[in-house]
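Data block below; observations after.
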Amino acid sequence: MKGLKRSHYTNDLSKAEIGAEVTLTGWVQRRRDHGGLIFVDLRDRFGLVQVVFSPDQQQEAFAKAEDLRKEYVIAIVGEVAKRPEGTINPDLATGEIEINVQELRILDSAKTPPVQIDGEKKVGEDLRLKYRYLDLRRPEMQENLILRHKVMKKVRDFMDQKHFLEIETPMLTRSTPEGARDYLVPSRVNAGKFYALPQSPQLFKQLLMVSGLERYFQIAKCFRDEDLRADRQPEFTQIDIEMSFMNQEKIMSLMEELIKELLAEVGITDVGEFTRLSYAEAMERYGSDAPDLRFALELVDISEIVAEAEFNVFSGTVESGGQVKGINAKGCADFSRKDLDELTEYVGIYGAKGLAWIALREDGINSPITKFLSEEELTGIIEEMEAEEGDLLLFVADQPKVVAAALSNLREKLAVELELIDEDEFNFAWVTDFPLVEADEEEGRFVSLHHPFTAPKDEDIELLTEDPAQVKAKAYDLVLNGVEIGGGSLRIHNRELQEQIFEILDLSPAEIEEKFGFLLEAFDYGAPPHGGIAFGLDRLVMLLGGLDTIRDVIAFPKTQNATCLLTEAPSNIDQEQLEELNLEIDIEEEDLL
RNA sequence: GGGGAUGUAGUAGAGCUGGUCUACAACACCGGCCUGUCACGCCGGAGGUCGCGGGUUCAAAUCCCGUCAUCCCCGCCA
């Protein structure tokens, strides 16, 4: 490109530049060859501009333009010209002008791309991922990455302004017993030992508080070796924040300020009040600790009404410690048997053994269960659920966990099908007062709901010894449109309490010392009260962009099988590398393909 | 580990109650024509192991079994 230096980006150009000589570079989006005249749409990161090759202008450039194909990389020198009368393209930002080319240089030719870059047709995701560098040429994808950049930039500006320091923490760290499965990295120098990639910088940020940095943040890569979902990747990014000498209220209001500024940055200003819900209330009313508050369809507990019912599915469940809850699907009394079968199958995914229903139709009540209910019980249900003619009442009877999972998901499914969701709304809610621990039936012990460093509420400290399950935590989650986008807590900052929690989690003193000795020791040297929060950057950007998967806001994401179709990672490695690390592969040769 | 959906030219689809399927048109591609197009147009052309393997059958893109890949979900994700 000797001697040719870009003078403008495509979208810099407007009527103001008419007559100017400009040098542009970019990709050929499309070529329209009219024989005696060739139009090329030149694309750069900022947009498109039409460049015109005409033998009247420049014979040599015109001849060369005959060879141009899609995605060729070119540089042109030409004059900005007003488009002739009647040829203005109102759909194009630069549609009032065009470039009459004097000189064309082909900087690189290109094979016909396997995915269409300018097309509206959607391409299979496997191909998009294999040719991710081409997929990322699409303006939609570039906009997603730009949005992500803007959010990150705003985070840094905001945090800096609030006196936070961005501090990096190690990627090679030690494995911790609680939490997700670790990604492990073998140590060559220390044969037989492993580093773990961080699930989050949790311990380091707490140590930074002990160090007296007071306000820390980091846009941190985190790694969790668990199965993937539309909103879960094995490596993802957290906006990680920690501060000293703050109470929960101050942290939450500072974070609201941050979130509002982030939204304003991307043009979303009509954000309502952040709702506050206790965990207990969220579970009671929505069956979820991350409820979508853009619509109602609240869960109603009718356990008491049907406790003595002849209908054994209800009364028997209540008797054995379960509950019966329902949703009033307004105006759905005309659902067909097939619709109802489908919903029943749907709640089955979440472990519900059935879905009872009462349809309040014009010609009376239609239901397979009302014959087992007394007049009084039926009236009680209808009253409790504020049901009227035209409504469909749907019930699940089971253990509270199953009822919550089934009905919270049913609630969301109904909201989508009944079009109750305003897609433009950004509805934030804080969920607070989480239980500190919950019983893990499989392992027969308590496990932390958040993580083991979360502080219990002061008034519940006495309960720690008697009934740990009743202890509430100084923890808070931020939920946006039914998606958990962040969570945090005040931390324990003294050794005694932290040791007590570890004991409740059934960690032996030896284990505690081995795994967390360094943290407890740090607390012996003057640890300030501290707390923080971490936001899932990918999820946040996904929601701001109105997207369905975080893959669309990650430049090079993995497939659901945690592979990279572009680089074909993970891959086999040389025997030599294994030997250097003192590792042996213990699977059959033929499986190692 | 489990449930579900999808897999047909480069791409996205139709065909899939088995037989004129020698697999269809579209977009893209290649060639020709065209000086005002902008999803340019017109004419012509090339392009397919119907994901892969096996089975049923006189006959399989179509039915059955297995397998692989991608996606959605359950489990899992402090």
Side-chain angles (χ1 to χ4, degrees), chain A residues 29-42 48-57 62 66 69-71 81 83-92 94-95 98 100 111-131 134 176-182 199-200 202-203 222-234 236 345-352 402 405-406 409 413 434 436-438 440 442-443 446-454 473 475 484 487 489 501 505 507 534 536 548-549 551 558-561 563 565 593:
Chain A
Q29 170 99 346
R30 225 173 246 283
R31 183 185 62 126
R32 291 178 293 281
D33 185 345
H34 287 246
L37 193 65
I38 297 170
F39 299 99
V40 165
D41 290 335
L42 180 68
L48 283 181
V49 71
Q50 173 165 279
V51 301
V52 186
F53 297 89
S54 160
D56 308 340
Q57 286 286 335
F62 176 79
E66 304 256 341
R69 292 293 182 274
K70 279 196 173 74
E71 302 305 314
R83 287 204 189 184
E85 205 65 38
T87 64
I88 287 170
N89 183 350
D91 297 332
L92 203 60
T94 58
E98 60 193 9
N100 290 321
K111 294 209 290 193
T112 302
V115 296
Q116 223 175 307
I117 285 146
D118 58 340
E120 298 103 69
K121 266 188 239 158
K122 52 173 186 284
V123 178
E125 188 146 11
D126 40 359
L127 262 186
R128 289 177 53 200
L129 290 174
K130 180 172 182 193
Y131 296 99
L134 297 180
T176 48
E178 298 273 319
R181 198 175 291 111
D182 284 317
Q199 297 180 26
S200 89
Q202 184 62 34
L203 294 172
C222 303
F223 304 86
R224 294 179 190 176
D225 186 4
E226 298 292 350
D227 288 342
L228 287 78
R229 291 284 190 283
D231 61 353
R232 272 163 41 188
Q233 283 273 304
F236 61 101
E345 196 181 328
Y346 182 74
V347 294
I349 296 171
Y350 304 96
V402 173
N409 283 290
K413 183 182 171 70
F434 282 82
L436 186 69
V437 296
E438 66 176 345
D440 183 322
E442 245 172 61
E443 296 190 38
F446 289 112
V447 294
S448 298
L449 219 73
H450 270 77
H451 55 60
F453 318 106
T454 301
E484 183 202 319
S489 62
I501 300 294
L505 300 176
L507 287 162
D548 295 323
T549 164
R551 292 189 299 278
K558 307 257 184 310
T559 66
Q560 193 159 51
N561 284 337
T563 65
L565 294 180
L593 293 174

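In what follows, every chain begins at residue 1, and chains take the letters A, B, ... in the order their sequences are listed. The figures here come from the full heavy-atom set of this structure, side chains too, leaving out hydrogens, waters and symmetry mates. Quantities reported herein were computed from a predicted structural model and do not represent experimental measurements.
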A:Ala230, nearest nucleotide to its side chain (from B:C72, B:A39, B:G36): B:C72
Below 4.0 Å: OP1/OP2 of B:C72 and any side-chain N or O of A:Gln560: yes
Quick check on RNA chain B: between A:Ile349 and A:Gly124, whose nearest nucleotide comes earlier from the 5' end? A:Gly124
Can you find a side chain N or O atom of A:Lys70 that sits less than 4.0 Å from OP1 or OP2 on B:C29? yes
Between A:Arg232 and A:Asp227, does any side-chain N to carboxylate O distance fall below 4.0 Å? no
Nearest to the side chain of A:Ser54, heavy atoms from C-beta on, is which of B:C76, B:U35, B:U37? B:U35
Is A:Leu228 touching bases, backbone alone, or none of the nucleic acid, heavy atoms closer than 4.0 Å? nothing
Measure across A:Ala180 and A:Gln199 and return the closest heavy-atom pair with its distance rounded to 0.1 Å. O-NE2, 2.7 Å
Classify the nucleic acid contact of A:Asn561 as base, sugar-phosphate or nothing, counting any heavy atom under 4.0 Å across all strands shown. sugar-phosphate
Can you give me the closest heavy-atom contact between A:Ala81 and A:Asn100, atom names plus distance? CB-ND2, 3.4 Å
Let me confirm one number: the CD-OG1 distance from A:Glu85 to A:Thr87, rounded to the nearest 0.5 Å. 8.0 Å
Among B:U70, B:C76, B:C73, the one nearest any side-chain atom of A:Thr559 is B:U70
Take atom P in B:U56 and the same atom in B:G13, then report the distance between them in whole Å. 33 Å
Can you tell me the base-pairing partner of B:G75? Count Watson-Crick or G-U wobble geometry only, both distances below 3.5 Å, and say none if there is no partner. none
side-chain N/O A:Arg32 vs B:C40 OP1/OP2, d < 4.0 Å: yes
Atom P, compared across B:A61 and B:U70: separation rounded to whole Å: 26 Å
For the side chain of A:Arg232, counting heavy atoms from C-beta on, which of B:U70, B:G36, B:C77 is nearest? B:C77
In terms of the nearest nucleotide of RNA chain B, which residue is placed more toward the 5' end: A:Pro113 or A:Gly86? A:Pro113
Whole angstroms only, please: what is the OH-P distance between A:Tyr346 and B:C73? 10 Å
Using Watson-Crick or G-U wobble geometry with both distances under 3.5 Å, which nucleotide pairs with B:A59? none
State which of B:C71, B:C73, B:G36 makes the closest approach to the side chain of A:Leu37. B:G36
Complementary nucleotide for B:U67 - Watson-Crick or wobble, under 3.5 Å: B:G51
Closest contact, heavy atoms only, A:Ala230 versus A:Thr549: O-OG1, 3.0 Å
If pairing means Watson-Crick or G-U wobble with both distances under 3.5 Å, then the partner of B:G13 is B:C24
From C-beta outward on A:Arg224, which listed nucleotide comes closest to its side chain: B:C71, B:G10, B:C77? B:C77
B:G2 versus B:A9 - spacing of their P atoms, nearest Å: 29 Å
For the base of B:C40 and the side-chain ring of A:His34, does the geometry meet a stacking cutoff of under 5.5 Å between centres and under 30° between planes? yes
Could you tell me how far B:A46 sits from B:U6 if I compare only their P atoms? Round to whole Å. 34 Å
Given the P atoms of B:A26 and B:C64, what is the spacing between them in whole Å? 32 Å
Counting side-chain heavy atoms from C-beta on, which of B:U37, B:C76, B:C73 comes nearest to A:Glu226? B:C76
Please state the C1' separation for the pair B:A69 and B:C52 - nearest whole angstrom. 10 Å
Expressed as a whole number of Å, how far does the P atom of B:U8 sit from that of B:G48? 15 Å
Interatomic distance at P, B:G55 relative to B:C16, whole Å: 26 Å
Taking every non-hydrogen atom, the tightest pair across A:Phe453 and A:Leu203: CZ-CD2, 3.3 Å
Who does B:C42 pair with, Watson-Crick or G-U, both distances under 3.5 Å? B:G32
Could you tell me which non-hydrogen atom of A:Leu127 sits nearest to which non-hydrogen atom of A:Pro114, and how far apart they are? CD1-O, 4.2 Å
If you only use heavy atoms from C-beta on, which nucleotide in B:C76, B:C34, B:G36 is closest to the side chain of A:Arg229? B:C76
Reckon A:Thr87 has a side-chain N or O less than 4.0 Å from the OP1 or OP2 of B:U37? no
Show your reasoning for whether side chain to side chain contact (heavy atoms under 4.5 Å, CB included) applies to A:Leu436 and A:Thr454. CA-CA 7 Å; A:Leu436 186 69; A:Thr454 301; 4.1 Å; yes
Among B:G36, B:A12, B:C30, the one nearest any side-chain atom of A:Val123 is B:A12
Contact under 4.0 Å: A:Arg30 side-chain N or O vs B:C40 OP1/OP2: yes
Would you say a side-chain N or O of A:Thr563 is under 4.0 Å from OP1 or OP2 of B:U70? yes
